[in-house]
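Working notes, beginning with the structure itself.
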Amino acid sequence: MASKAKTKSIISDEVMISMDNVNKWYGSFHVLRDINLTVNKGERIVICGPSGSGKSTLIRCLNRLEEHQAGTINVQGIEINNDLKNIDEIRRDVGMVFQHFNLFPHLTILENCTLAPIWVRKMPKADAEEIAMKYLTRVKIPEQAHKYPGQLSGGQQQRVAIARSLCMEPKLMLFDEPTSALDPEMIKEVLDTMVQLAEDGMSMICVTHEMGFARKVANRVIFMDEGQIVEQNEPEAFFNNPQSDRTKLFLSQILDH
Amino acid sequence: MATPKKQDYAFVRKEDAPLLPPPPSQAGITGWLWQNIFASMADYSSISASIRSGLVAFLSVCILYFGGMQIYGLLDFAIFSAVWSDPDGIKREACWTVDQGGALPSGWHGACWPFVMAKHKFIMYGPYPSEELWRVNLIGLIGLVGLGWVLVERLPYRKQAGAALLTLYPLLAFILLTGGNSEASFGNVSLWLIIGLGIISVGRMGKRGFLGTTFAEFSGLIGFTGWVFVIFNAVRGMAAVDFGLEPIDTRDWGGLLITLVVAITGIVASLPLGIILALGRRSEMPVARLLSTIFIEFWRGIPLITVLFMASVMLPLFMPEGVNFDNLLRALIGVMLFSAAYMAEVIRGGLQAIDKGQYEGAQAMGLSYWQTMRLVILPQALTHVIPGIVNTFIGLFKDTTLVSIVGIFDLLGAGQSAISDAAWSTPVQALTMYIYIALLFFVFCFGMSRYSIYMENKLSKSRSH
């Protein structure tokens, strides 16, 4: 990640996500506090912060893996509420990549990738396989299509997970610590895939501790602590000139070693 | 201790150590024998080790001797000393010793197979009329072919064969075995059919959202109930049609036929019922969870024999006058619900083993609850618990012998009834019959066990890590 070459900015004015005064509790624990966030189409946002700060919870609220109790979340103009139809519609357009990949071990790589297109998008099997091979090629593992997830390395599995999400042709990708469960030598291959995705103009929200990736790809970095957004800024300013003491402390802890 | 000096441990390998064949104790038949048998009795290096080795050797010989005796005794009784034929048609006298008035030497002890052969039809079919046996044989043959088709993986159209085996086959079996002609008035059946169709359309309307959102959530359940009505009454209607077959009351069924009917119905019904109950018990809907839990705990809390007694003795007392369910049908439903409760708990165990991430992965891609379950969760959960499922199947198969308590002649009941035939009365009559019945049970249970092991191996191979 030495290269500082910024990916070209193609951020439009179209609002993709708006969160207004979002609050969430786990029991009596206030896990998200007064979150206000607007994300435009084409933005690449990195969310960082100490563990337990609510980063994952925040992005999991965006596709209703977690339920928020107060405030409103709009994704592509659709409000996330108890209406199952809205949730289905949003999930169709929002892809998610998890820390532990969450591939389906009983299906081959190809079947993992075609499952949702066939059953959710009602796509014919042949078309779904064609799309799956296209994205598997893009993440550089088309030759593994007929293997099972358990036969692949962690990095390969995570790339499959990215391809699987892309097969639904989402308008937004959420990454929940995609490299945290990987061996060090496999992190790069996953980050490279994500960089390429960003260069292709995908809107992304990444929870990650890969600060090199944030510098290279993000157009905005958000720092969270104790369930709140503490600071957000462009990466250059964020890293070189943090304003909040908590941000400074956090950055000193993760960068100085 | 002195710290090692660098010149003591610094080392660079110049040539590879040679690759040698394993010592005899590690390979081949001798190696196997050594590792598995003799290694434990060959250590005489100290007094205590010698005592231990000697004891192991002594016990091994003892176990070998007594085990061999048992096996030889069984083989001798069932094969070497057995009477195989009764050419003169003298029945019991063919298996009598000189002391009893027969021709066999005094002290003879062996199986009397002519007895089993003579009773074979009864053990297989019970008192089912002889001229109608082709119906049972035909349905058995179709079942065997169908099952073989589904289980052997190289054949085409396996899914279709399986679907036919689960839908058309029970209907065909029902009509062929009972002969149809049941008493059901056309008006009654069509009334219930119309009610069923009505319920289905209410479910459909609910699903489309015409009846409010709370209603929409239960539309699936309502539609399902409607389909149960329709299918049940369609079968009733079919059963009432005259196919030109002579109706045969289930009281005239018996033997292996009954055992297979009860066991297969129980096995086939308990799996889907168990899945629904297990999902219900893990559901987030309190009502579904409560109902499933009550159902499971109720059926698990009472012995099968109580269920059968209740079904055949108590239930008719509560029924209104004139309503009369078939005795076998009542026992069948009892066995079905009973095994469903056990199956549900086995499957719940499998569901609990599935990582939360699997649900999230499926949901994040937009799969619905039922799609998630059917495509992602259940295939994995069921694979995990194949041993438990087959265990329940085998237990169920053997538990069917309990129906003989309510006057249904299953395999064991038919065998016992055959034993009481004085025309074959010999000292070895009962033993011979029990060996035969045990063998029949063993064949079925062992078959299920082997197939489950084959499935486990196959599935674990294709998903190997």
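Note that the structure is a prediction, hence the values are computed from the model and not measured. Sequence lines set the chain letters: A, B, ... in the order given, protein chains first and strands last, and positions in each chain run from 1.
Between B:Q380 and A:P105, the closest heavy-atom pair is OE1-CG, 3.3 Å. Of all non-hydrogen atoms in B:R374 and A:W119, the two that sit nearest each other are NH2-CZ3, 2.9 Å. Of all non-hydrogen atoms in B:G361 and A:R164, the two that sit nearest each other are CA-NH2, 4.2 Å.
Within 6.0 Å of atom CD in B:E284, 12 or fewer heavy atoms from other residues, nucleotides or ligands are found, so the atom counts as exposed in its surroundings. Within 6.0 Å of the OH atom in B:Y451, the count of heavy atoms belonging to other residues, nucleotides or ligands exceeds 12. Remark: B:Y359 OH is packed, more than 12 non-hydrogen atoms of other residues, nucleotides or ligands lying under 6.0 Å away. No more than 12 heavy-atom neighbours from other residues, nucleotides or ligands sit within 6.0 angstrom of NZ on A:K85. Counting heavy atoms of neighbouring residues, nucleotides and ligands inside a 6.0 Å radius, atom CD of B:Q160 exceeds 12 of them. Counting heavy-atom neighbours within 6.0 Å of B:F397 CZ, excluding the residue itself, gives a total above 12.
Of the atoms belonging to A:F104, heavy atoms from both backbone and side chain fall under 4.5 Å from chain B. Looking at A:R60, only its side chain comes within 4.5 Å of chain B, counting heavy atoms on both sides. Residue A:V94 touches chain B through its backbone alone, counting heavy-atom pairs closer than 4.5 Å. For B:Q363, the parts lying near chain A are the backbone and the side chain together; criterion is any non-hydrogen pair under 4.5 Å. For a residue to count as touching a neighbouring chain, one of its non-hydrogen atoms must lie under 4.5 Å from one of that chain's; by this rule A:L152 does not touch chain B.
Remark: side-chain polar atoms of A:H106 are paired, donor with acceptor, to backbone N or O of B:L375 under 3.5 angstrom. The backbone N or O of B:Q358 sits nowhere less than 3.5 Å from a side-chain atom of A:N102 that would complete a donor-acceptor pair.
Most heavy-atom pairs under 4.5 Å with chain B: of the set A:L103, A:T108, A:D88, this distinction falls to A:L103.
The shortest distance between side-chain heavy atoms of B:V376 and A:L107 does not fall below 4.5 Å.
Between B:E360 atom CD and A:H100 atom NE2 the span is 10.5 Å, to the nearest 0.5 Å. The distance from atom CD1 of A:I118 to atom CG of B:L367, rounded to the nearest 0.5 Å, is 11.0 Å.
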